[in-house]
**Q** 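One structure is given below, represented as structure tokens, and several questions about it will come after.
Start at 1 and go down the list; that is how both ligands and their atoms are numbered. Computation of the quantities below employed the complete heavy-atom set of this structure, encompassing side-chain atoms and omitting hydrogens, waters and symmetry-equivalent molecules.
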Amino acid sequence: MREDINEKCAVVGIFGHEEASKLAYFSLHALQHRGQEAAGISSSDGKKLHTIKDRGLVMQVFNEKNLETLSGSSAVGHTRYSTAGDDSILDAQPVFARYDLGEMAIVHNGNLTNAQEVRTSLIEKGAIFQTFMDTENLIHLIAKSPKDKLVDRIIDAVQRIEGAFSLVFLSRTKMFAMRDRFGFRPLSLGRLPNGGYIVASETCAFDLVGATLVRDVEPGELLIFEKDKAPQSIKVYEPTPKHCIFEYVYFARPDSTVYGQSVYQMRKNMGQALASVEPIEADVVIPVPDGGVPAAIGYSQKSGIPYELGIMRNHYIGRTFIEPTQEMRDLKVKMKLSPMIDVIKGKRVIVVDDSIVRGTTSRRIIRMLKEAGASEVHMRVSSPPTTDPCFYGVDTPSKDKLIASNMTNQEICDYIEADSLAYLDEDSLLKSVNSTVDEEKYCTACFTGKYIV
Ligand code: AMP
């Protein structure tokens with residue numbers, strides 16, 4: 001069974017707005033960085049659900065004409081990221097089904113850790129699956145629940161699943177938003193200017209549609225949206241926060257507020273803290289764009305070493321990470337990033353990135369900087385060594401491909417051909433996001449191997 005489906009994605013839900021699907025569409029544009037493989041929206045006109053989904057970017061999947069068909073005052077949307085090159089649009093979301101209570105669409109960000117177990121037991125009882133997605137389990141669990149009311153069926157279903165989930169469900173007349181008890185993946189609630197509501201993976205979607213942040217959906221909380229009512233909250237689980245720290249490190253957009261704090265500020269804090277780790281004399285600090293930008297600014301502010309743009313990024317090339325073969329990844333890094341020779345030539349350069357995963361990007365960049373005439377290149381990373389894969393919805397490769405899990409820091413430094421290499425340590429990372437190891441509020445499994453479920 002493939003485990004790589006339904007990785008880091010984005011979800012959005014709009015409730016109580018005449019142009020719900022258009023707002024969902026704009027929101028998905030703001031959330032495109034969370035998944036570029038497929039996109040989809042389901043809307044409800046009160047009697048019927050309408051769905052459009054396909055592989056491709058939001059702007060490729062939707063156009064004025066097909067958006068018109070997504071009528072109604074509520075909508076849910078999704079962008080999907082997956083490493084596997086599956087060309088089935090069945091694996092795009094929303095997942096839609098008709099069942100005894102009517103129609104339902106579900107969007108999911110996260111990864112269910114007991115998906116296989118649940119699926120096997122459902123199949124043994126006669127269920128037929130159409131996709132590889134763990135999210136499809138939920139449809140079956142809801143359809144099979146003996147409870148009369150949908151809300152009770154949703155509670156039944158989410159109690160059968162484990163792992164990471166930020167979910168939005170759309171029925172013909174209601175919308176539901178639910179976050180797992182650990183709050184692994186983000187999910188925020190906002191108010192639309194007309195009085196309707198929005199839930200989304202990141203608040204950058206709120207800014208685009210003019211919504212204001214109300215609060216996060218709490219870990220373990222189910223929110224019910226019903227016409228002419230304020231959202232009703234049910235505590236399905238006692239919250240035990242274990243927020244994914246990688247959202248702060250790399251994944252979320254810097255203009256979002258995630259887990260109640262500005263992503264940009266957190267990244268700048270990380271850069272400032274990094275400046276105190278193995279400080280080194282240099283002429284310029286440059287970021288690996290775009291991920292390393294806020295941390296490089298923080299580094300420069302703290303160290304007093306001037307910040308410059310030393311690498312240009314071609315924004316029309318997709319993320320390098322998603323290509324399955326090493327050869328393709330190498331090629332794509334070359335296409336994507338080019339050196340600013342005037343900034344680099346003859347200089348001692350500190351280059352800041354948010355993370356090293358396989359080491360491909362750093363190695364390429366350092367070679368490129370040396371070829372452009374840098375006299376020294378010092379690699380600084382604003383997070384600890386990525387040593388362990390994520391099972392809660394971020395796409396990290398298996399342990400054997402994670403360079404920090406197979407090499408010492410010195411070996412990595414040699415491999416990437418840097419003059420020196422330093423990472424931010426776990427304590428400093430947690431401090432940068434205003435926490436401590438003792439607080440145990442964040443999931444740091446990708447850096448520590450400490451898994452929660
Ligand atoms: P690598 O070349 O494998 O070492 O990847 C490191 C680069 O990928 C860094 O520049 C990161 O900003 C970026 N990165 C880290 N994690 C991810 C991820 N889950 N998906 C896509 N890119 C990532």
**Q** Heavy atoms, side chains only, cut-off 4.5 Å: are Asn314 and Ser338 in contact?
**A** no
**Q** Please give me the minimum heavy-atom distance between Tyr307 and Ala296, naming the atom from each residue.
**A** CE1-CB, 3.7 Å
**Q** Kindly confirm or rule out an N or O of Val357 lying under 3.5 angstrom from an N or O of ligand 1.
**A** yes
**Q** When you measure from the heavy atoms of Ser362 to every atom of ligand 1, does any distance fall below 4.0 Å?
**A**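 Contact absent.
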**Q** Does an N or O anywhere in Ile356 fall below 3.5 Å from an N or O of ligand 1?
**A** no
**Q** When you check the side-chain N and O atoms of Asp354 and Ser382, is any donor under 3.5 Å from an acceptor?
**A**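 Judged by distance alone, the side chains do not pair up.
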**Q** Counting from 1, what ligand 1 atoms have a heavy atom of Thr360 closer than 4.0 Å?
**A** 1 (P), 2 (O), 4 (O)
**Q** Just let me know how Asp353 lines up against ligand 1, side chain, backbone, both or neither, with a heavy-atom cut-off below 4.0 Å.
**A** side chain
**Q** Looking at side-chain heavy atoms only, is the closest gap between Asp290 and His315 below 4.5 Å?
**A** yes
**Q** Please state which part of Phe246 comes within less than 4.0 Å of ligand 1, counting heavy atoms only: side chain, backbone, both or neither.
**A** side chain
**Q** Among Thr361, Val249, Thr386, Leu337, which one puts a heavy atom closest to atom 7 (C) of ligand 1?
**A** Thr361
**Q** Between Asp354 and ligand 1, which residue portion shows a heavy-atom distance shorter than 4.0 Å: side chain, backbone, both, or neither?
**A** side chain
**Q** Closest heavy-atom contact between Asn66 and Ile52?
**A**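 Taking Asn66 first and Ile52 second, the nearest heavy atoms are O-CD1, 3.2 Å.
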**Q** Look at atom NZ of Lys399 and say whether more than 12 heavy atoms of other residues, nucleotides or ligands are closer to it than 6.0 Å.
**A**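 Counting neighbours around NZ of Lys399, more than 12 heavy atoms of other residues, nucleotides or ligands fall under 6.0 Å, so yes.
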**Q** Of all heavy-atom pairs between Ser405 and Thr387, which one has the smallest distance, and what is that distance?
**A**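 Closest approach of Ser405 to Thr387: CB-O, 3.2 Å.
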**Q** Which atoms of ligand 1 sit under 4.0 Å from any heavy atom of Gly359?
**A**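 Answer for ligand 1: 1 (P), 3 (O), 4 (O).
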